[in-house]
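Encoded as structure tokens, the structure appears first; notes follow it.
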Amino acid sequence: MTEPRDEVDDLVDAWARERTDLDLDPVAVFSRISRLARHLDLARRRAFSAHGIESWEFDVLAALRRAGAPYELSPGRLLRETLVTSGTMTNRVDRLAARGLVERYPDPADRRGVIVRLTPEGKAAVDGAFEALLDAERALLSGLPPRDQVRLATLLRTLLAPFSATEPG
């Protein structure tokens, strides 16, 4: 059985005609990853907007949700979880608080500090958006049998691991 072709095959074939001196294997991999990332980004936006939140809001709300009950973190911990600057995080928390998705309260362990907590409305929004995202991601993976999905995850982990070791947080 012949493997299906995609637009990356055409791109690689064109480069191979023009640059017979180059190994084009990386183009075959990373052009597909790039195209899949675009499809994933669109799926994320649709899943999140269906639940009234944006991608950056999901990132903050998801960090709080993953923290477990009572779904709260210090701003410093949120910074590490979302990899944004302090000023950006302050702005994001302000906007989420104004929408009633998170609340701030004084940190009992630090008089100058605050804790950010997910509200019931924030929890409902992030849970719904996450379920919609998982449905969208399952649809994106539907062309692969489960064993190939596991293999792909393993291969991508191997490729990504050296970068994860050097990133902050």
Side-chain angles (χ1 to χ4, degrees), residues 29-30 32-169:
V29 172
F30 290 107
R32 287 184 174 96
I33 289 173
S34 176
R35 283 164 170 74
L36 284 169
R38 278 189 287 214
H39 288 286
L40 177 59
D41 186 53
L42 291 171
R44 286 174 59 94
R45 284 191 222 170
R46 283 191 297 270
F48 300 158
S49 72
H51 292 275
I53 61 174
E54 296 181 37
S55 291
W56 68 265
E57 291 173 311
F58 178 82
D59 292 343
V60 176
L61 298 174
L64 292 166
R65 181 66 168 97
R66 288 191 312 266
Y71 312 113
E72 59 187 28
L73 294 170
S74 69
R77 181 73 187 275
L78 272 173
L79 289 173
R80 288 188 295 280
E81 292 283 327
T82 60
L83 301 176
V84 299
T85 66
S86 177
T88 298
M89 183 55 66
T90 298
N91 181 273
R92 290 180 176 187
V93 171
D94 287 346
R95 291 171 67 185
L96 288 166
R99 292 194 50 211
L101 300 174
V102 301
E103 59 188 3
R104 286 187 182 98
Y105 67 92
D107 184 343
D110 178 0
R111 288 192 331 213
R112 296 175 297 154
V114 298
I115 297 293
V116 180
R117 179 183 293 156
L118 196 59
T119 65
E121 296 81 8
K123 183 176 179 282
V126 73
D127 283 353
F130 188 54
E131 290 169 21
L133 175 61
L134 286 173
D135 289 342
E137 289 178 346
R138 273 190 212 90
L140 287 171
L141 288 170
S142 66
L144 288 177
R147 75 177 184 286
D148 288 345
Q149 292 179 32
V150 170
R151 176 124 173 85
L152 178 59
T154 300
L155 291 170
L156 291 171
R157 180 184 306 111
T158 300
L159 189 60
L160 187 59
F163 298 99
S164 297
T166 61
E167 290 176 358

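Around the CZ atom of Arg35, the shell of radius 6.0 Å holds more than 12 heavy atoms that belong to other residues, nucleotides or ligands.
A salt bridge is defined here as a Lys NZ or Arg NE, NH1 or NH2 lying under 4.0 Å from an Asp or Glu carboxylate O, and Arg104 with Asp94 meets this definition. A salt bridge links Asp59 and Arg44; the closest N-O separation between the charged side-chain nitrogens and carboxylate oxygens is under 4.0 Å. In this structure, Asp135 pairs ionically with Arg138, as a charged nitrogen and a carboxylate oxygen lie closer than 4.0 Å. Glu54 has no carboxylate O lying under 4.0 Å from a charged side-chain N of Arg45, or vice versa, which leaves the two without a salt bridge.
Residues Leu101 and Ala125 share a closest heavy-atom pair of CD2-CB, 4.4 Å. Nearest approach of Ser142 to Ala139, heavy atoms of both residues: OG-O, 2.8 Å. In terms of heavy-atom proximity, Leu159 sits nearest to Pro162 at O-CD, 3.5 Å.
Among Asn91, Ile53, Leu61, the single residue meeting the side-chain contact (heavy atoms from CB on, under 4.5 Å) criterion with Leu96 is Leu61. Here the rule is salt bridge (Lys or Arg N to Asp or Glu O under 4.0 Å) with Glu72, and of Arg77, Arg117, Arg66, Lys123 only Arg117 fits it.
A heavy-atom distance below 4.5 Å is found between the side chains of Pro75 and Val114. Using a 4.5 Å heavy-atom threshold, the side chains of Val126 and Tyr71 count as separate.
Here the CZ atom belonging to Arg92 is positioned 10.5 Å from the CG atom belonging to Leu79, to the nearest 0.5 angstrom. Interatomic distance, CG of Leu134 versus CG of Leu141, reported as 10.5 Å (0.5 Å rounding). Between Leu64 atom CG and Leu78 atom CG the span is 5.0 Å, to the nearest 0.5 Å. To the nearest 0.5 Å, the span separating CG on Leu36 from CG on Asp41 amounts to 12.5 Å. Note that the CZ atom of Phe130 and the CZ atom of Phe48 stand 9.0 Å from one another [nearest 0.5 Å]. Atoms CZ and CD, on Arg151 and Gln149 in that order, are 14.0 Å from each other to the nearest 0.5 Å.
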Take Glu121 and Arg99, measure what salt bridge (Lys or Arg N to Asp or Glu O under 4.0 Å) needs, and give me the verdict at the end. CA-CA 9 Å; Glu121 296 81 8; Arg99 292 194 50 211; over 6 Å; no
Under the criterion side-chain contact (heavy atoms from CB on, under 4.5 Å), I'd like the reasoning laid out for Leu140 against Leu40: C-alpha separation, chi angles, the key distance, then a yes or no. CA-CA 8 Å; Leu140 287 171; Leu40 177 59; 4.1 Å; yes
Stepwise side-chain contact (heavy atoms from CB on, under 4.5 Å) check, Arg95 with Trp56: CA-CA 11 Å; Arg95 291 171 67 185; Trp56 68 265; 3.6 Å; yes
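No donor-acceptor pair under 3.5 Å is formed between the side chain of Thr82 and the backbone N or O of Val60. Here the side chain of Ser49 pairs no donor or acceptor atom with the backbone of Gly52 at under 3.5 angstrom. His51 contributes a side-chain N or O that, together with a main-chain N or O of Gly128, makes up a donor-acceptor pair within less than 3.5 Å.
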